[in-house]
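In what follows, a structure is listed as structure tokens, so that the remarks can point back to it.
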Amino acid sequence: MPSNDARNLLPIAVPTAATGVAAVAVSAVVAGGKGAVGAAVGVLLSMLFMGLGLYVLQWTAKTLPQLFQAMAMMLYVAQLLLLMIFVALFRGTSLFSARAFAISLVVATVVWMAAQARAHMKSKIFYVDPDSEKSEKPEKTGHTS
């Protein structure tokens, strides 16, 4: 991952991971070992889906900017479908607490989205590309002198 992508990911992943540690601790106290495992699985799944989604969107913005908005919509639908498939596969499991899993998944996702919104608002995004070729000729405006 290029350093710019890592720099974008750090202010998002750190609060989510801290929330995940808290969720695992609370779930361990409330629901025992299975609660801790369920919370850990929920937080890890959330961070995995959201992190991969962020990576795909950054790649799309760099390589195919005209598809960015459509890709974002498709990506969020795909994330929801994959999550529903995961929940359906592990519906009757006794490996972890389903309640701790669900709560930690939702909390981690909300924290991720809030941190992502905050990071985006604090980032300095150029509205003019400084690397574009500079031409010395004035642009044609349709006026003739």
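For the pair L64 and Q66, the minimum side-chain heavy-atom distance is below 4.5 Å. With a 4.5 Å cut-off on side-chain heavy atoms, F49 and L105 do not count as touching. Between L45 and L83 the shortest side-chain heavy-atom distance falls below 4.5 Å. No side-chain heavy atom of T19 sits under 4.5 Å from any side-chain heavy atom of V43.
When hydrophobic clusters are built by joining Ile, Leu, Val, Met, Phe, Trp and Tyr residues whose side-chain heavy atoms come closer than 4.5 Å, directly or via intermediates, M74 is grouped together with Y76. F68 and V56 fall within a single hydrophobic cluster, where Ile, Leu, Val, Met, Phe, Trp and Tyr side chains are chained together by heavy-atom contacts under 4.5 Å. Follow the hydrophobic side-chain contacts under 4.5 Å out from F90 and you reach L82 in the same cluster. By the rule that hydrophobic residues join a cluster once side-chain heavy atoms approach within less than 4.5 Å of another member, L95 and L89 end up as members of one cluster. Hydrophobic clustering (side-chain heavy atoms under 4.5 Å, transitive across Ile, Leu, Val, Met, Phe, Trp, Tyr) groups V87 together with V41.
Of all the heavy atoms in S46 and T109, the pair that sits closest is OG-OG1, 2.9 Å. Here the closest heavy-atom approach between residue M71 and residue T60 is recorded as CG-OG1, 3.5 Å.
Note that the CE atom of M121 and the CD atom of Q116 stand 13.0 Å from one another [nearest 0.5 Å]. Once rounded to the nearest 0.5 Å, the distance linking CG of L80 with CD1 of I85 reads 11.0 Å. One distance of note links CD1 of I12 with CH2 of W112; it measures 6.0 Å at 0.5 Å rounding. A distance of 10.5 Å separates OG1 of T16 from CE of M113, quoted to the nearest 0.5 Å. With rounding to the nearest 0.5 Å, the separation of CD in Q79 from CG in L48 is 9.5 Å. In this structure, the separation between CG on L75 and OH on Y55 is 13.5 Å, given to the nearest 0.5 Å.
Judged as a side chain to side chain contact (heavy atoms under 4.5 Å, CB included), and not counting sequence neighbours, the contacts of L81 are V77, M84.
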Going by atom type alone, with no hydrogens or angles, which donor-acceptor pairs under 3.5 Å involve a side-chain atom of residues 22-34 and a protein atom two or more places apart or on another chain?
unit_1 : atom_1 : unit_2 : atom_2 : d
S27    : OG     : A23    : O      : 2.9
K34    : NZ     : S94    : O      : 2.7

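You'll find the ring centres of F86 and F101 inside the 6.0 Å limit.
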